[in-house]
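Take a look at the structure below.
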Amino acid sequence: MEEAVKRFAPMMKLMLVMQGALSKAFYERYGKEALTIIAEVASRGGVKRAEIMRKMMPVIGMKAIGEQFKMMGSMLEMGMEIIELSDEVFHFKVSRCPLGIEGTSRELCEAMMTSDAKMLDTLLGQEVETKILQSVAAGDERCEVIFSKK
């Protein structure tokens, strides 16, 4: 299984970077007007991702989701560090944006992160608060994100 994941990683990286490049280009062309559309598309994608993950994960909870993120972070070589992982909170840092939007803007990061937020909402069956404390898109050295149950 680990070997299959390693072979799949380049394709996953490419898909995420292409998604980021398209969103970045759309944002650069249309500015703040594009953010609502980017966030809406990202939200719908998050729901669809949750539906797929439900079929893959026998137990759905914040800890299981955090472990899934950790596995993806390793596969995508994001330099993920988990700060806190409990039934209520998933707090992590990454050194690289998998979407490749470093140096763009915090608002683009927030719009695109609605995908992960909506995925968690859907998987957990309840609203999750997202706090982006640091963002490489905004020029920070690392991203730092906290997802917490409301």
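We count residues from 1, following the sequence as given. What you are looking at is a predicted structure, and each value in this text was computed from that prediction instead of being measured.
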Counting only pairs under 3.5 Å, give me each side-chain donor-acceptor contact of residues 40-49, with atom names and distances, residues two or more places apart or in other chains.
{"unit_1": "Glu40", "atom_1": "OE2", "unit_2": "Arg44", "atom_2": "NE", "d": "3.3"}
{"unit_1": "Ser43", "atom_1": "OG", "unit_2": "Ala39", "atom_2": "O", "d": "2.9"}
{"unit_1": "Arg49", "atom_1": "NH1", "unit_2": "Asp116", "atom_2": "OD1", "d": "3.2"}
{"unit_1": "Arg49", "atom_1": "NH2", "unit_2": "Ser115", "atom_2": "OG", "d": "2.8"}
{"unit_1": "Arg49", "atom_1": "NH2", "unit_2": "Asp116", "atom_2": "OD1", "d": "2.6"}

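- Distance check: Gln19 CD to Ile101 CD1 gives 9.5 Å after rounding to the nearest 0.5 Å.
- Under the side-chain hydrogen bond (donor to acceptor under 3.5 Å, both in side chains) criterion, Glu127 pairs with Lys150, not counting sequence neighbours.
- Scored by the salt bridge (charged side-chain N to carboxylate O under 4.0 Å, His left out) test, Lys63 finds no partners at all (sequence neighbours excluded).
- Alongside Leu133, the hydrophobic cluster contains Val89, Ile146 (criterion: ILVMFWY side chains under 4.5 Å).
- You'll find the side chain of His91 stays beyond 4.5 Å of the side chain of Leu85, heavy atoms only.
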For side-chain contact (heavy atoms from CB on, under 4.5 Å), just list the numbers for Val145 and Phe90, CA-CA rounded to whole Å, side-chain angles, deciding distance to a tenth of an Å, and then say yes or no.
CA-CA 8 Å; Val145 180; Phe90 175 38; over 6 Å; no

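- In this structure, Met53 and Thr122 have side chains that are not in contact, with every pair of non-hydrogen atoms separated by 4.5 Å or more.
- Partners of Glu102 under the salt bridge (charged side-chain N to carboxylate O under 4.0 Å, His left out) rule, at least two apart in sequence or in another chain, do not exist in this structure.
- With hydrophobic clusters built from ILVMFWY side chains whose heavy atoms lie under 4.5 angstrom apart, Ile82 shares a cluster with Met78.
- In terms of the ring pair (Phe, Tyr, Trp, His ring centres under 6.0 Å) criterion, Phe147 has no residue partners (sequence neighbours excluded).
- Taking CG of Leu108 as the start and CE of Met113 as the end, the distance is 12.0 Å to the nearest 0.5 Å.
- Legend: residues meeting side-chain hydrogen bond (donor to acceptor under 3.5 Å, both in side chains) with Glu77, ordered by chain and number and at least two apart, are Lys13.
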Derivation and outcome, side-chain contact (heavy atoms from CB on, under 4.5 Å), residues Cys109 and Ile132
CA-CA 9 Å; Cys109 171; Ile132 301 172; 4.0 Å; yes

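- Annotation for Met18: hydrophobic cluster partners, listed by chain and number, are Leu14 (ILVMFWY side-chain heavy atoms under 4.5 Å, direct or chained).
- Ring pair Phe92/Phe69 is tilted by interplanar angle, where 30° to 60° counts as tilted.
- Using a 4.5 Å heavy-atom cutoff, the side chains of Lys24 and Glu28 are in contact.
- Thr114 contributes a side-chain N or O that, together with a main-chain N or O of Ala111, makes up a donor-acceptor pair within less than 3.5 Å.
- By the criterion of side-chain heavy atoms lying less than 4.5 angstrom apart, applied directly or through intervening Ile, Leu, Val, Met, Phe, Trp or Tyr residues, Met62 is not grouped with Ile83; the two fall into different hydrophobic clusters.
- Rounding to the nearest 0.5 angstrom, the gap separating the OG1 atom in Thr36 from the OH atom in Tyr30 is 14.5 Å.
- Hydrophobic clustering of Ile, Leu, Val, Met, Phe, Trp and Tyr side chains at less than 4.5 Å, counting indirect connections, keeps Val17 apart from Leu22.
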Go through the steps to decide whether Ile65 and Leu120 satisfy the test side-chain contact (heavy atoms from CB on, under 4.5 Å), and finish with yes or no.
CA-CA 8 Å; Ile65 293 167; Leu120 268 73; 3.9 Å; yes

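- When the side chain to side chain contact (heavy atoms under 4.5 Å, CB included) test is applied to Gln126, the partners found at least two apart in sequence or on another chain are Leu124, Lys149.
- A search for ring pair (Phe, Tyr, Trp, His ring centres under 6.0 Å) contacts involving Tyr27 returns nothing, not counting sequence neighbours.
- The salt bridge (charged side-chain N to carboxylate O under 4.0 Å, His left out) contacts involving residues 87-99 comprise nothing, where partners must be two or more places apart or lie in separate chains.
- Sorted by first and then second residue, the pairs that involve residues 129-142 and meet side-chain hydrogen bond (donor to acceptor under 3.5 Å, both in side chains), not counting sequence neighbours, are Glu81-Arg142, Gln134-Glu144.
- For the residue pair Ala9 and Met75, the shortest heavy atom distance occurs at CB-CG, 3.4 Å.
- For the pair Leu76 and Pro98, the tightest heavy-atom approach, listed with the atom from each and the gap, is CD1-CB, 4.2 Å.
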